[in-house]
Amino acid sequence: MKKKCLYLAALLLLWVVQPVFSTAEKSLPDLKKEVIRVIEQESKLLIETSDAIWEFAETALLEFKSSKLLADILEKKGFSVKREVADLPTAFVASYGSGKPVIGILAEYDALPGLSQDNTAFRKALVEGGSGHGCGHNLFGAGSLGAALAIKEVMESHKIKGTIRLYGCPAEEDVGGKLFMAREGLFDDLDACIAWHPDYTTKVDVKGSQAIDDIEIEFFGKAAHAAFDPWKGHSALDAVEMTTFGINLLREHVKPSVRIHYVITKGGDIPNVVPEYAKLWVWVRDSTRKGVKDVTLRVEEIAKGAGLATRTTPKINLMGSLHELLVNRTGAEAMQKNLKKIGPITYTEEELAFAREIQKNTEVEEKGMVSEIKDLEKPAKEPEGGSTDVAEVSWITPTVQILTTCTPFGVPWHSWAVVTSSKHPIGHRGMLLATKVMAATALDFLLEKEILQKMQKEFKEKLGDYTYKSGLQPGQKPPVRK
Ligand SMILES: [Zn+2]
């Protein structure tokens, strides 16, 4: 009898100390059907929200209306919302539920300067010189909102335990809001994180992204009359030119995976004054953070040498530094299964004609929309060109992301063609697919303990003895924009 009691007590203890993962009364496939149904019911709200953010077209750190719109909807729908997190006036974190597991979803909403575009299949600015959603982040923001709302609804009606959290992440195109949010520890208690991005193909992203250093180099010289007494001047512009010349010579001696690009943001004011101040903005990218650091060191040496040669003083500011994206294969496989069940997108003849017209006007092959679901790619040696601050989160918690077709195939990215697609049914359809796949995958993570454990195991193995270290300088604040 005593033995039996002990046995029962042990069983009870086991049950109590087990991590509490929900056992919903409905099967997981049924819950997924339900979450998709909720997204379909909410599709009008999601499209309206996406179009409103498209019209606001707010650039990095100025996304006041866009972030407020998203945060207000979340609050109204029962999320608790913390605004202005991590010293970023346009960042927020919205949470619903309690306890483990904690699943994050990332949302972005910043536009790009100079890309204002009307809803036409040819280049036509809506506001001359204005900004536009050339990366489709209006869709990104509203799509992620939709996933969070739908999961919340299903969690609530089936009493699913755990926490769902939507992160409003500003300034992806610029300083990288997630860099500041990561330093603040906002992602630290996540068990997994989910993101997506508009694209012209549909696939779960296992290629990753490049690491990057964002460097600003200022030179301080001495002004003089450029004709009367130029020998008294020390040209800061000369120093900038020597630096860019040095960088261009350096290209021969870096690995093929390295990308270096720059703009001269200040080069003097008028030709008859020897410029006493000049500024260069450089981005160094490579497949790994280590590769980037090696090249950054060379760039810094070149700038110091240019300062010496021109008798100017260089000031090198490391503005930010992003990791390469750490791919989580286990999470990606779970997401791929959902994508295969839910996708692909179908279009009307009218939509396909619109797509082909855009392709004609951007001089790419008139293939229309390519929406077939790609198989999960083999682990890649090198990531594709480009960086994202989603990578920061991927070194803190297992992170998965999906790309969905939102623009005609092959159009130049960060261009008017993406802007016009992002407020059109071709963009909306891609957004809704991503929303459904993210929501279904979040349900997997909330309810399938084994998937999460396997993801965590892979994450820890890939991390080795590395713990996340922010690429920001100690005490570095985000810039204030007006
Ligand atoms: Zn983007």
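We count ligands from 1, going down the list as the structure has it; atoms in each ligand are counted the same way. Numbering starts at 1 and runs along the sequence shown.
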Does a donor on one side chain sit under 3.5 Å from an acceptor on the other, for T120 and D118? no

Heavy-atom nearest pair, W196 first then Q401, reads N-CB, 4.2 Å

Counting only protein N/O/S atoms, those under 2.8 Å from the Zn ion (ligand 1) total 3

(message) Between D214 and W281, do the side chains contain a donor N or O and an acceptor N or O under 3.5 Å apart?
(response) yes

Please determine if K32 and D444 form a salt bridge, counting it only when a charged side-chain N lies under 4.0 Å from a carboxylate O.
yes

Are R285 and H261 close enough that a side-chain donor and a side-chain acceptor fall under 3.5 Å? yes

Salt-bridged, K44 to E48, with N to O below 4.0 Å?
yes

